[in-house]
Amino acid sequence: MRRGPGRRHRAAGYNAASRLPPFPAVDMQEKYQPQDIERAAQTHWAETGAHRAHDDSDKPRYYCLSMFPYPSGKLHMGHVRNYTIGDVLARYHAMRGFNVMQPMGWDAFGLPAENAAIANGVPPAQWTYANIDHMRSQLKALGLAIDWDRELATCTPGYYRWEQWLFTRLFEKGVIYKKMATVNWDPVDQTVLANEQVIDGRGWRSGALVEKREIPMYFFRITQYADELLSGLDTLPGWPERVKTMQANWIGKSTGVRLAFKVPASDELLWVFTTRADTLMGVTFVAVAAEHPLATRAAENNPALAAFIAECKQGSVAEADMATMDKKGMDTGLKVLHPLTGEAVPVWVGNYVLMSYGEGAVMAVPAHDERDFGFAQKYGLPIKQVIAVEGEAFTTDAWAEWYGDKQRGACVNSGKYDGLGYEAAVNAIATDLEALGLGEKKTQFRLRDWGISRQRYWGCPIPIVHCDACGDVPVPADQLPVVLPEDVVPDGAGNPLNKRADFVNCACPKCGQPARRETDTMDTFVESSWYYARYACPDAGQMLDARANDWLPVDQYIGGIEHAILHLLYARFFHKLMRDEGLVASDEPFANLLTQGMVIAETFYREDASGKKTWFNPADVELCDGVHVCKADSQPVIHGGTEKMSKSKNNGVDPQALIDQYGADTARLFTMFAAPPEQSLEWSDAGVEGANRFLRRLWKTTYDHVQGGPVAAYAGGALSDAAKALRRQLHQTIQKVADDIERRKQFNTAIAANMELMNALGRLDGDDATTRAVRQEVLEGAVAMLAPIVPHISEALQAALKPGVAMAWPAVDEVALVQDELELVVQVNGKLRGQLRVPAAADKAAIEALALASEAVLKHTEGKPPKKVVVVPGRLVNIVV
RNA sequence: GCCCAGGUGGCGGAAUCGGUAGACGCAGCGGAUUCAAAAUCCGCCGCCGCAAGGUGUGGGGGUUCGAGUCCCCCCCUGGGCACCA
C-alpha cells in the first residue's frame, strides 16, 4: 500500500481499539426487530459523530471512497452494492483503529436532468436537488458510515467555481486549446446529440437522419501526458490487472513510421502513419477520410464523389458505429507517388478512415491488412503480396491469419528489402525514407485529446468571454464563478443559454467592450475528475488546501467496472494537471482500486411507428403464457436483453421495498452474500429470506445465551474435544475473514464462514461455566466479524453481550489453531480412493508408508507395485501404478 | 468491428499457489412440532446406477502423477469504444 510521507501505518496487523463509542445497553427483546434497532443505531451514530473523519488525529488514515452517484431519482441495487462494499471496508478499518474518511456527494450535472426537463417541464436544477434529497435519505437508511459533513454536489457554484478557476489557469498555460471537432447533428431539432441519443443513425426525438458536423470545441491536451499515463500504470499494484490492460490499450502507444506520398505537379505531400512500414512495397492504394482536404478538392468538379462524401458525413460519430458499418469507398481519380518507387498510386475516399485519428489518411496494403483486403476485393483493387511465411501459400481469394503476422514473415517482391524480417525491414525503409525527406520513425498514440465542450445547458459554464477585439478571454479569478442560471427549462432544441441575454451579454474583461459569454458547458467528466480531492477540504476558500495532501491518495476507491477507462483515466490525468499546478503532491489519485461488477437486469421496451422506444421497469412486467407483458395494460413488451441497471433503460431495481420489509442489515447482508464484488450479478431477490433467517438465528442464539446471565469470554482452562474444536474453528474464521475483507475483498465467503461458525456453535451442548465462556467468546467474535457487513444488529448484540464496551476486531489466539492430526486424501492414479489420518508431525516417508498400507490403496492397486508416489504435505497422497 | 472480463447442480455461488468439485445459502423433497398453517428444528439433495462403480466445471484439443484452475481453437453472455454516467 502506497503511503504519503510518514503519516500512516500499514493496514495489515494494525489493531487498536475501535474509535466507535459503545452503543448504550438496552433490554434485549426476544424477537429481532430490525426497524427499531436500525433507527436506534443510526441515531446513536449521528449523535456521537461516530463517522466523522478527523483532519488532525494521531491515528493512521484510511480514505475509503465509493464513486459518487448521479442523482437519477432513486437508488438501485447497483448503488446498494457499491456503497455497501465501501462501507464494509470503511467500518472494518475503523474497527482496526484507523481514522477513516468515507465521504459522499453528487455527480449532479448531466443529460438525464435535461431529458426530465423536456418530459416534465421541471427545471433541471429543481429536479436534481429533489433527487438528491430523496437519495440522501435512502443512503442514510442503509446505515452507511459516511461523514456527511463533507457532502458536496457538483452543480453548486461553490464547487464548480474552482473547476472554472483551474480551467482559466490551464487555458493560459496552453493545456487547454480550441479546435474543430465532429459532433452528431440533428437537422430537425437543430441540436447536437449525445451518442446515446443516436439510435440506428437517427435522432432519438426527431427520427431524422443524423449528420456529422464540425464545430469549434475546447480540448484538454491529454496526449501530452500519454506517456506518463501509460507508465504510471506500473506504479499501481493495487489496481486490477484488467483495468490497467484496458487503459494501456486505450492509450495505445505504437511505434511506426510517418511517411509521405508526393502529390504530382505540386509541392504537397500526403502524410500517413503506419506500423507496417515493412509492407510499404505492397501499397496498392491510399485511403483518405471524407473530410480530408484532398478529397474536398477532388470533389469540386466531381458530383458523384461529392455525393459520396456527403453520404459519408451521415450517421453517428461513435467509433462502434464507424467500425461496424459497411466499408465503402470511391476513387477520387487523383494519384499520388509512392515515396520509394515513384509509382502512381490511386487515392480513394474511405468511410472507415477517421479524420480525427492520425493523419486522416492511411496507406492500404491489401495483402497484409484484413480490412484493406476486404476493401480491395470489394472494389477490384490489386493485391500485391510482399510478405511470405515459409510453408504457407498466398492466394488473393481468401484472407488467412498469417498474412498479417509480423513475427513470422520476411519481405518478398520488395526489391532490396527482400528477405528482411519485420524489424529489419521497418528500419531499412525508415532510413531510406529519412534520406529522401519523406518520412521518419514516430511514436503514435491511439489516445486523442479530450474535447470538453458540450452544447448543453445543465453543466459547468466554460469561463470564456468572446470579444471581437481580444478574442477568447478567460474570465479573471475575481469574476468567478460564472454562475449557471437555475430557472431554465430546456426544450430539446439547442442550448437554452443562447437565448438568455442576461447570461450571454457581458463586458470583455480585457477591454471592457460589449462581448459574448461562451454558452457551451463542460463535459461532466471534468467534475468527477477532482471531487475525491475536494472531499478532503470541502470548505476551503481555494480549490484545494493542505488537507488534500494529508488524505490523498485515496486508499481504496470502489466503483463499477464500466468506468475502467474514461472516468478513471480522466481522473488520473486531472490529478497530474493539479500536481503540475502545485495543488497536490502525489502522482496518482487512487492507490487501490476495486472494480465492482455490474448489477444487471432484464430490459423491456415498446417501439412506436417512428422507431422511438419506451422502456418498462422489470417490476412492471410479468410473464404471461411465455410472453412478457406490461402489468398495467397486459399488452406485450419486447425483451431487450440483460443490461447494467440504468436510468435510460429503466431497469433499475429499487431497494426500498427490501429495506422496508427486512431492514437495511438484511439488504446489506444479502447483497454482499450474493456474489463477490468484482463479479457481475444478474439481479434476483431469491435468497433474501435466507439472509434474514440467518440474522434472526444470530439474534435468537445471542438472546438465549445472555438469558443465562453474564459470563466472561473463555480465557483458559481445560476444554472438551468439542469445545476445543469449536475454538479452533473460531480463530481460523477470524483469520480467514480478515484476509477475505482486507486482501481478497471477497465478502460472500466471509459471511459463509460465519454461517458455518454459527452452525457449529449450535451443535455445542452444555451449560457449564466453561462451555458458556466458549459460547460467549464465539458470539463476541462472530458479532464483531459481521459488524462491518451488518452494523446495526451487531451494535445491539454487542451491547447485550458486553455492555458498555466498544466493538473491536477480535484477536487471533495462535494456540487455539494448533492441530495434532491431519486428514489427507488418498488417490490411486489421480482418482480419489480414501482418507487417511496422520499425525501433524509425520514426514513424507511416514505418510507414504501409511498410505501404501491403507485399505483403500491395497484394494485399488490390486497388488501392483507403485511406479511413483506423490506426497503433498497437508493435502494428499497420490499413488501411480 | 476492436479492447477487457465471465461461463461450475434447478438457482446464487465455493474451491485463495495445479491437489477431495459443489463449502455457504436459496429452492425442492422427507420427517418432527402444530387442531391446522406460518415460523422453527432435524435429515436428504450434481447426473447415471439397486449397488460396486462410472461420469461431471460452455464445446473441442493439449500439457501434467493430477486441470474448474495452465496452453491452443471455437461458442455464448456481460462491460467499454471518447457526448449515458
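Worth knowing before you read on, the calculation uses all heavy atoms, side chains too, and leaves out hydrogens, waters and symmetry mates. In what follows, chains are A, B, ... by sequence order, proteins preceding strands, each numbered from 1.
Checked against a 6.0 Å centroid threshold, the rings of Y662(A) and F670(A) do not count as neighbours.
Regarding contacts with the backbone of rG53(B), a side-chain N or O of K859(A) is found under 4.0 angstrom from either OP1 or OP2. OP1 or OP2 of rU64(B) has not a single side-chain nitrogen or oxygen of N878(A) nearer than 4.0 Å. Listed pair K649(A) / rC84(B) fails the phosphate criterion, with no side-chain N or O lying under 4.0 Å from OP1 or OP2. Taking side-chain N and O atoms only, Q827(A) has no distance below 4.0 Å to OP1 or OP2 of rC65(B). Contact annotation: N249(A) side-chain N/O to rC4(B) OP1/OP2 distance is under 4.0 Å. Applying the 4.0 Å criterion to OP1 and OP2 of rU20(B), one finds that R833(A) has every side-chain N and O outside that range. Note on T245(A): every side-chain N or O is 4.0 Å or more away from OP1 and OP2 of rC4(B). Phosphate contact (OP1/OP2 of rG18(B), side-chain N/O of R875(A), threshold under 4.0 Å): absent. Taking only side-chain nitrogens and oxygens, R744(A) comes nearer than 4.0 Å to OP1 or OP2 of rA15(B). Neither OP1 nor OP2 of rG12(B) sits under 4.0 Å from any side-chain N or O of N748(A). Checking the phosphate oxygens (OP1, OP2) of rC24(B), no side-chain nitrogen or oxygen of Q746(A) falls inside 4.0 Å. One finds no side-chain N or O of R371(A) lying less than 4.0 angstrom from the OP1 or OP2 phosphate oxygen of rG1(B). In terms of phosphate contacts, K644(A) brings a side-chain nitrogen or oxygen within less than 4.0 Å of OP1 or OP2 of rG80(B).
Base-pair partner of rA23(B): not found among the strands shown (Watson-Crick or G-U wobble, both distances under 3.5 Å). Pairing of rG28(B), defined by two Watson-Crick or G-U wobble distances under 3.5 Å, is identified with rC44(B). Across all strands shown, rC81(B) pairs with rG1(B); the Watson-Crick or G-U wobble distances both stay below 3.5 Å.
Looking only at side-chain heavy atoms (C-beta outward), W106(A) and M135(A) come within less than 4.5 Å of each other. The closest side-chain heavy-atom distance from T595(A) to E678(A) is below 4.5 Å. Put simply, the side chain of Q827(A) reaches to within 4.5 Å of the side chain of L876(A), judged on heavy atoms.
Toward the 5′ end of RNA chain B lies the nearest nucleotide of R242(A), the other residue of the pair N829(A) and R242(A) mapping further downstream. Each of A753(A) and E682(A) has a nearest nucleotide on RNA chain B; the 5'-most of these lies closest to E682(A).
Side chain to side chain, T182(A) and E214(A) meet the donor-acceptor criterion of an N or O pair below 3.5 Å.
In this structure, F574(A) and F220(A) have tilted ring planes: the angle between them lies in the 30° to 60° band.
Rounded to the nearest Å, the gap between the P atom of rC47(B) and that of rA23(B) is 13 Å. Comparing the same atom, P, in rC24(B) and in rG18(B) gives a spacing of 24 Å after rounding to whole Å. rC3(B) and rC74(B): their P atoms are spaced 12 Å apart (whole Å). On the P atoms, rC4(B) is 14 Å away from rC71(B), given to the nearest whole Å.
Look at CG on L193(A): it is 11 Å from P on rC84(B), rounded to the nearest Å.
Between V790(A) and the options I751(A), L698(A), T666(A), L669(A), a side chain to side chain contact (heavy atoms under 4.5 Å, CB included) holds for only L669(A).
No hydrogens or angles were tested; on distance alone, nothing pairs the side chain of R697(A) with the base of rU40(B) as donor and acceptor under 3.5 Å. Checked by distance alone, K736(A) brings a side-chain donor or acceptor within 3.5 Å of a matching partner on the base of rU16(B).
Because its glycosidic torsion is within 90° of 0, rC17(B) is reported here as syn. Nucleotide rG9(B) is shown with a syn base, its glycosidic torsion being within 90° of 0.
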